[in-house]
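This report refers to the structure that appears directly beneath it.
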2 protein chains.
Amino acid sequence: MARDEQNLRAAVEQSAAVLTAAGFPRMPARVLMALLVADEGGLTASELAESLGVSAAAISGGVRYLRSLGIIHRMPQPGSRRERWEIFDDAWYTALAGKNSVYGSFADTAAQALDAIGDPASAGARRTREMVDFFRYIEGKMPELLADWEALRAERLANRDGRAGD
Amino acid sequence: MARDEQNLRAAVEQSAAVLTAAGFPRMPARVLMALLVADEGGLTASELAESLGVSAAAISGGVRYLRSLGIIHRMPQPGSRRERWEIFDDAWYTALAGKNSVYGSFADTAAQALDAIGDPASAGARRTREMVDFFRYIEGKMPELLADWEALRAERLANRDGRAGD
DNA sequence: CACAGTATTCACAAATTTGTGAAACGAGCG
DNA sequence: CGCTCGTTTCACAAATTTGTGAATACTGTG
């Protein structure tokens, strides 16, 4: 079965739209999805621009954003000025782990609010304390969850190898 | 210790800023934090407006958004037109569970991309498949994580009661 | 060391989001 | 049943975000 470019484009756009709806900036989301489905070796800026139908400048901005998140990287091609952009294999893992620190800093600022409330028995204090506890709990459990995923993934890969390379 | 209004305001704004940085719209974030730290009985729209220093219209919009997310509710006061808005106790729990469905729909659209790629052995297919698997895994584990939190919370409350109401 | 091909930056236009004041609406009270 | 207070809706202004074309900077090649 060959690449169904038309459906692929549509699915890329739709997935990017989901990310956008979740608060992710538009262009980075589109670039990210394009890189996700790209073949081995990633894509150049101009390939991205052509594929997404946008200017080179837009790609440059999107790429800078994604790089600042540490989920893509540049692969300088020896003997060519054309650099290829590639998504890290653990991009999503990293992104989710990173969001974890958002939970953490949110809990931290909320904890300051908790201090400022004073009376620990008040409704506001109880509510706030419970929220802080909740996010700290999630934050604490996430590493375990991710580790479990890693283990499961490694196991799958081992099985696949065991079956003589699929 | 009494309420330190000044620090409380600052902490509320800062927490709202963290939410905003994470993609949450600004005014809803501010309203949400104000309601979180509010005393028993929640706040009226005008109290929110005064506390946040914005117009009644802005509050109305923010409140509508939060209600659409199902994390606050209106408490009609008998004998008064002033309705009080209150945050649900399980607001954050709900929000996180809801985000879970975002993971799900993201995985779904990405799975469509996977189909469109065709060749399952290609780099793009491998990458995409792994991402889909990852989010499905997270999505699957989250209920368990939340249930564990519930259990822990119930246990804490029981202990507190056991110690004769703190 | 100048040239050619790419990538990045910049100023700006378009689109979207955000918040306001004024008007409309709705519920209790005299 | 009209008045009053509080909330919601609406049209619009301000601010922010998003993406473009043109100019600039960078790197390898002849």
Side-chain angles (χ1 to χ4, degrees), chain A residues 9 12-13 15-35 38 41-69 72-87, chain B residues 9 12-13 15-35 38 41-69 72-87:
Chain A
R9 295 275 173 85
V12 161
E13 290 301 337
S15 302
V18 172
L19 286 180
T20 299
F24 206 82
R26 180 186 295 263
M27 190 58 66
R30 298 178 68 196
V31 171
L32 186 59
M33 288 307 301
L35 288 177
L43 297 171
T44 64
S46 40
E47 284 167 344
L48 280 168
E50 202 226 317
S51 163
L52 297 176
V54 297
S55 72
I59 297 299
S60 180
V63 147
R64 177 172 9 152
Y65 182 88
L66 292 174
R67 195 176 22 168
S68 78
L69 260 52
I72 69 172
H73 65 121
R74 152 177 21 217
M75 295 190 63
Q77 295 295 96
S80 165
R81 183 73 189 83
R82 284 185 118 117
E83 321 212 57
R84 311 194 78 85
W85 291 100
E86 217 174 24
I87 194 172
Chain B
R9 294 275 172 87
V12 161
E13 290 301 338
S15 302
V18 172
L19 286 179
T20 299
F24 206 84
R26 179 186 295 262
M27 190 56 69
R30 298 178 68 196
V31 171
L32 186 59
M33 288 307 303
L35 288 177
L43 297 171
T44 65
S46 38
E47 284 167 343
L48 280 168
E50 201 226 318
S51 163
L52 296 176
V54 297
S55 72
I59 298 298
S60 180
V63 147
R64 176 168 14 147
Y65 182 89
L66 293 174
R67 196 175 23 168
S68 78
L69 261 52
I72 69 172
H73 66 121
R74 158 182 10 224
M75 295 190 65
Q77 295 296 96
S80 165
R81 183 75 190 85
R82 286 184 116 117
E83 322 213 56
R84 312 194 78 87
W85 291 100
E86 217 173 24
I87 195 171

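Scope of the values below: all heavy atoms of this structure, side chains included, with no hydrogens, waters or symmetry mates. Throughout, protein chains are lettered first and strands after them, A, B, ... in sequence-line order, and every chain is numbered starting at 1.
In this structure, Leu48(A) atom CG and dG19(D) atom P are separated by 14 Å, rounded to whole Å. The separation between Leu52(B) atom CG and dG19(C) atom C1' is 13 Å, rounded to whole Å.
A distance-only check finds a donor-acceptor pair linking the side chain of Ser68(A) to the backbone of Tyr65(A) [under 3.5 Å]. Looking only at distances, a side-chain donor or acceptor of Arg84(B) sits under 3.5 Å from a matching main-chain atom of Gly41(B).
Among residues two or more places apart in sequence or in another chain, the side-chain hydrogen bond (donor to acceptor under 3.5 Å, both in side chains) test is passed with Arg74(B) by Glu83(B).
Nearest heavy atoms, Leu35(A) versus Trp85(A): CD2-O, 3.3 Å.
Rounded to the nearest 0.5 angstrom, Met27(B) CE and Thr20(B) OG1 are separated by 9.5 Å.
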Could you pull out the protein-nucleic contacts involving nucleotides 8-18 of chain C (nitrogen or oxygen on both sides, under 3.5 Å)?
residue: dT8(C); atom: OP1; partner: Arg74(A); partner atom: NH1; Å: 3.4

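Between dT7(D) and Ser46(B), a contact under 4.0 Å exists linking OP1 or OP2 to a side-chain N or O.
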